[in-house]
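Structure first, commentary second.
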Amino acid sequence: MSRKRDNSHFSRHDFKRRRPLPEPAEEEKPTTRPTPPSAVVVMGLPLDCSVLDLKSRFEIYGSISRIRIDRDAVGYITYRTKDSADAAIAAGHDPSFGLTVNSKKVQVLWATDPLAMWREGVGKNKDGVSMSKLVRAEVPLRRHGRGNKLASAIGNTKSSEDGSGSSVIEVPFRGREIVAYDDIIRNSTKQESKSRVMEESEEEKKKSERLLLWSWGAGTDGQLGTERLQDQQIPQQLSISSVSSLACGGAHVIALTSAGKVLSWGRGSSGQLGHGEVVNNVLHPKAVTSLDNYFITHVSAGWSHSGFVSDKGCLFTCGDGSFGQLGHGDYASHSSPVIVSSFVGQHVAQVACGMRHSLVLLKGSLSNQVYGFGSGKRGQLGVSKDKIKYINLPEVVNGFEDVEIVGVSANGDHSAALSVDGNLYTWGRGFKGFEDSHLPQCLNSTLKFTKATLGWNHALAMTGEGEVYMLGGNHLGVLSDLHTVRQAKQLTDSREANLEKVPGLDETKITDIATGAEHSVLVTENGEIKTWGWGEHGQLGLGDDGDRISPVTVSLGYDLSEAASTKVYCGSGFTFALTKP
């Protein structure tokens with residue numbers, strides 16, 4: 001009947017129709033393979049959460065290869081290693097704190113968790129069976145040919161509008177359109193490959209620079225950053241990234257990031273947090289946005305005021321100014337950082353905030369290099385031999401005319417400075433019964449110090465050889481025997497007699513020191529953190545509220561022996577540790 005059927009020659013069209021379809025590529029086959037174990041799902045994100053917000057919050061646990069957020073506020077993160085994903089899951093399941101994004105607590109699950117897989121459903125097929133991107137891979141349109149219903153529905157959206165279309169089309173899968181990292185796109189050109197390698201190298205660099213932060217002690221004003229208004233007697237690891245250094249005050253914390261930005265949290269009842277408002281407490285780190293146009297290099301926190309120094313040498317202060325400690329020429333308080341006009345045109349190197357006074361060190365100036373302002377009742381300003389009640393404008397600290405100062409410190413009613421040749425100067429309230437000093441006094445010692453920190457009744461000083469000495473300390477948690485402390489009148493001829501070497505360190509070299517109101521912390525060369533002193537709020541990190549009269553090792557539940565560095569910081573009754581793995 002038809003000659004074409006009797007003809008042994010097939011047309012190319014007949015051959016194409018009758019040729020069996022090629023076996024689909026392996027990656028295009030529907031599969032039930034679970035998501036790789038390094039993938040996690042973050043549920044309950046804030047509606048305004050961006051991909052960058054999610055990235056900055058979770059990259060502290062490790063390098064991320066891809067990340068996206070779906071329209072239903074569910075995030076999907078794939079880490080480069082399973083260990084990183086394990087860390088994120090562990091943090092999310094922490095019974096005490098969990099994880100928060102933009103102040104909202106979120107749920108972190110493995111991508112293979114049944115709940116996460118259920119949340120991935122995007123609709124039902126024609127048989128009413130739920131579909132999930134995690135258990136059914138997206139099928140390319142070419143698999144269906146030109147005349148399939150899926151392609152027709154995409155070409156004619158009216159079928160979806162009248163209810164006859166597929167629900168899969170109504171809520172399309174857009175995962176590929178919101179991938180955050182371009183390193184999952186396999187570039188074919190050499191230039192694109194080079195860019196991807198550079199990006200991965202940058203990711204590894206960021207991972208190597210990642211710092212870990214712990215806190216413990218008094219927390220009823222939110223100063224621990226744990227988002228709980230309660231004390232903590234053992235160290236708690238915090239989920240705060242990019243912090244390079246800290247300053248701890250009476251009940252607030254100022255954090256400096258590697259990008260020169262400032263975060264603060266804790267008590268803000270005097271405006272010391274710099275957020276532009278007076279608040280009782282802030283439970284989690286919040287950016288000081290008024291300083292965003294400056295690269296901040298140094299921060300300090302006093303009892304209820306704060307200081308900030310930019311890379312250009314500008315000084316900003318905020319908080320309680322009732323004693324003139326902000327240096328603005330009045331006694332007003334400020335809830336946002338205000339530039340100290342007295343130092344405009346000069347280069348401020350450091351600021352140190354005490355209880356009611358402040359010290360400033362200028363850079364590149366041997367004359368008039370240290371200034372003081374605020375309360376001077378105990379001589380802590382060092383500007384006169386006579387008692388001065390208040391000074392609200394910076395005045396030169398006397399006694400450093402022929403001495404180059406490289407560091408200043410303030411706490412309580414004490415002041416201290418270190419010279420370039422390692423001499424320690426103190427002034428203000430006297431230690432261990434000594435009379436107040438209204439001018440800087442050089443400690444009569446042959447030791448050469450590299451760092452000094454002040455508490456309310458004691459000071460620690462560290463030498464270049466890693467030895468630590470204590471000045472004063474005749475109150476809670478002392479290293480001296482209170483019953484045998486000699487009176488000041490017996491020591492009037494030797495200030496060195498007031499200096500004691502911290503015992504119990506077995507000749508171990510010390511790499512860092514810090515002092516709170518009535519407690520002390522140090523770090524040994526093998527990574528151990530040791531504390532002693534007043535422990536009523538758990539600031540010693542030993543699991544109780546007892547005092548200690550000699551250094552005791554604190555356990556962070558983390559091996560610090562291989563850490564590149566560990567730094568410690570103390571507030572009035574709380575402690576922070578910052579480690580670089």
Side-chain angles (χ1 to χ4, degrees), residues 297-298 300 307 309 313 315 327 340 342-343 345-354 357-376 378-388 391 393-431 434-455 458-472 491-499 513 515:
T297 57
H298 179 75
S300 180
V309 179
L315 172 65
V340 180
S342 296
F343 297 110
Q346 303 183 75
H347 198 295
V348 175
Q350 291 181 24
V351 60
C353 300
H357 74 293
S358 302
L359 299 177
V360 169
L361 174 64
L362 296 186
K363 182 179 180 180
S365 174
L366 287 181
S367 60
N368 301 337
Q369 56 188 319
V370 181
Y371 288 77
F373 44 94
S375 173
R378 305 300 294 268
Q380 60 265 45
L381 297 183
V383 300
S384 173
K385 293 182 179 180
D386 301 322
K387 290 184 178 181
I388 295 179
I391 294 178
L393 283 174
E395 291 197 16
V396 176
V397 175
N398 297 314
F400 296 129
E401 290 77 10
D402 301 320
V403 180
E404 182 180 356
I405 300 301
V406 294
V408 291
S409 179
N411 199 356
D413 295 326
H414 304 290
S415 299
L418 272 177
S419 69
V420 68
D421 54 3
N423 288 327
L424 175 61
Y425 294 80
T426 62
W427 63 101
R429 182 182 174 189
F431 291 108
F434 275 88
E435 294 182 357
D436 297 347
S437 176
H438 294 266
L439 293 176
Q441 302 293 322
C442 182
L443 194 66
N444 184 19
S445 173
T446 57
L447 297 170
K448 302 302 179 182
F449 300 103
T450 57
K451 183 174 183 178
T453 61
L454 297 174
H458 73 295
L460 289 184
M462 182 173 69
T463 68
E465 290 73 30
E467 296 179 325
V468 178
Y469 292 81
M470 185 171 177
L471 186 67
L491 302 172
T492 53
D493 296 331
S494 176
R495 289 177 55 82
E496 187 175 6
N498 200 23
L499 192 67
I513 56 175
T515 49

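Nothing fancy with the numbering, it's 1 onward along the sequence.
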Checklist entry - So Val360 and Val370, side chain to side chain contact (heavy atoms under 4.5 Å, CB included) or not? Walk me through it. => result CA-CA 6 Å; Val360 169; Val370 181; over 6 Å; no
Item to check | pair Ile388-Val383: side-chain heavy atoms closer than 4.5 Å | outcome: yes
Item to check | Heavy-atom side-chain contact between Leu471 and Leu454 under 4.5 Å | outcome: no
Checklist entry - Atom OG1 in Thr426, atom CG in Leu424: separation rounded to 0.5 Å? => result 6.0 Å
Checklist entry - Can you tell if the side chain of Ser384 reaches within under 4.5 Å of the side chain of His438, non-hydrogen atoms only? => result no
Next on the checklist: So which atom in Tyr425 and which in Ser419 form the shortest heavy-atom distance, rounded to 0.1 Å?
Outcome noted: CE1-CB, 4.1 Å
Next on the checklist: Applying side chain to side chain contact (heavy atoms under 4.5 Å, CB included) to Thr515 and His458, what does each step give before you reach the verdict?
Outcome noted: CA-CA 8 Å; Thr515 49; His458 73 295; 3.6 Å; yes
Checklist entry - Which of parallel (below 30°), tilted (30 to 60°) and perpendicular (above 60°) describes Phe343 and Phe373? => result tilted
Checklist entry - Are any of the side-chain heavy atoms of Leu418 and Ile405 separated by less than 4.5 Å? => result no
Item to check | Heavy-atom side-chain contact between Tyr371 and Val397 under 4.5 Å | outcome: no
Checklist entry - Under 4.5 Å between any side-chain heavy atoms of Trp427 and Leu381, yes or no? => result no
Checklist entry - At what distance, to the nearest 0.5 angstrom, does CG of Asp413 lie from OG of Ser375? => result 6.0 Å
Next on the checklist: Distance alone, cut at 3.5 Å: any donor-acceptor contact between the side chains of Ser415 and His357?
Outcome noted: yes
Item to check | Non-hydrogen atoms of Leu315 and Val348 that approach each other most closely | outcome: CB-CG2, 4.0 Å
Next on the checklist: Testing the basics here: between Gly455 and Asn411, what is the closest heavy-atom pair and its distance to 0.1 Å?
Outcome noted: CA-ND2, 3.7 Å
Item to check | Any donor-acceptor pair under 3.5 Å from Ser409 side chain to Ala416 backbone | outcome: no
Next on the checklist: With a 4.5 Å cut-off on side-chain heavy atoms, are Leu362 and Asn368 touching?
Outcome noted: no
Checklist entry - Are the charged groups of Arg378 and Asp436 less than 4.0 angstrom apart, N to O? => result yes
Item to check | Minimum heavy-atom distance between Gly327 and Pro394, given as atom pair plus value | outcome: O-CD, 3.8 Å
Checklist entry - Counting only heavy atoms not in Asp421, do more than 12 sit closer than 6.0 Å to its CG atom? => result yes
Next on the checklist: Working to the nearest 0.5 angstrom, can you tell me the gap between Leu499 CG and Leu447 CG?
Outcome noted: 6.5 Å
Checklist entry - Does the side chain of His414 come within less than 4.5 Å of Gln380's, by heavy atoms? => result no
Checklist entry - NZ of Lys363: more than 12 outside heavy atoms within 6.0 angstrom? => result no
Next on the checklist: Give me the atom names and distance for the closest heavy-atom approach of Ser300 to Cys353.
Outcome noted: OG-N, 2.9 Å
Next on the checklist: Rounded to the nearest 0.5 Å, what separates atom OG1 in Thr453 from atom CD1 in Ile513?
Outcome noted: 4.0 Å
Next on the checklist: Minimum heavy-atom separation for Gly382 and Pro440, please, with both atom names.
Outcome noted: O-CD, 4.4 Å
Checklist entry - CD of Glu467 to NZ of Lys448: how many Å apart, nearest 0.5 Å? => result 14.5 Å
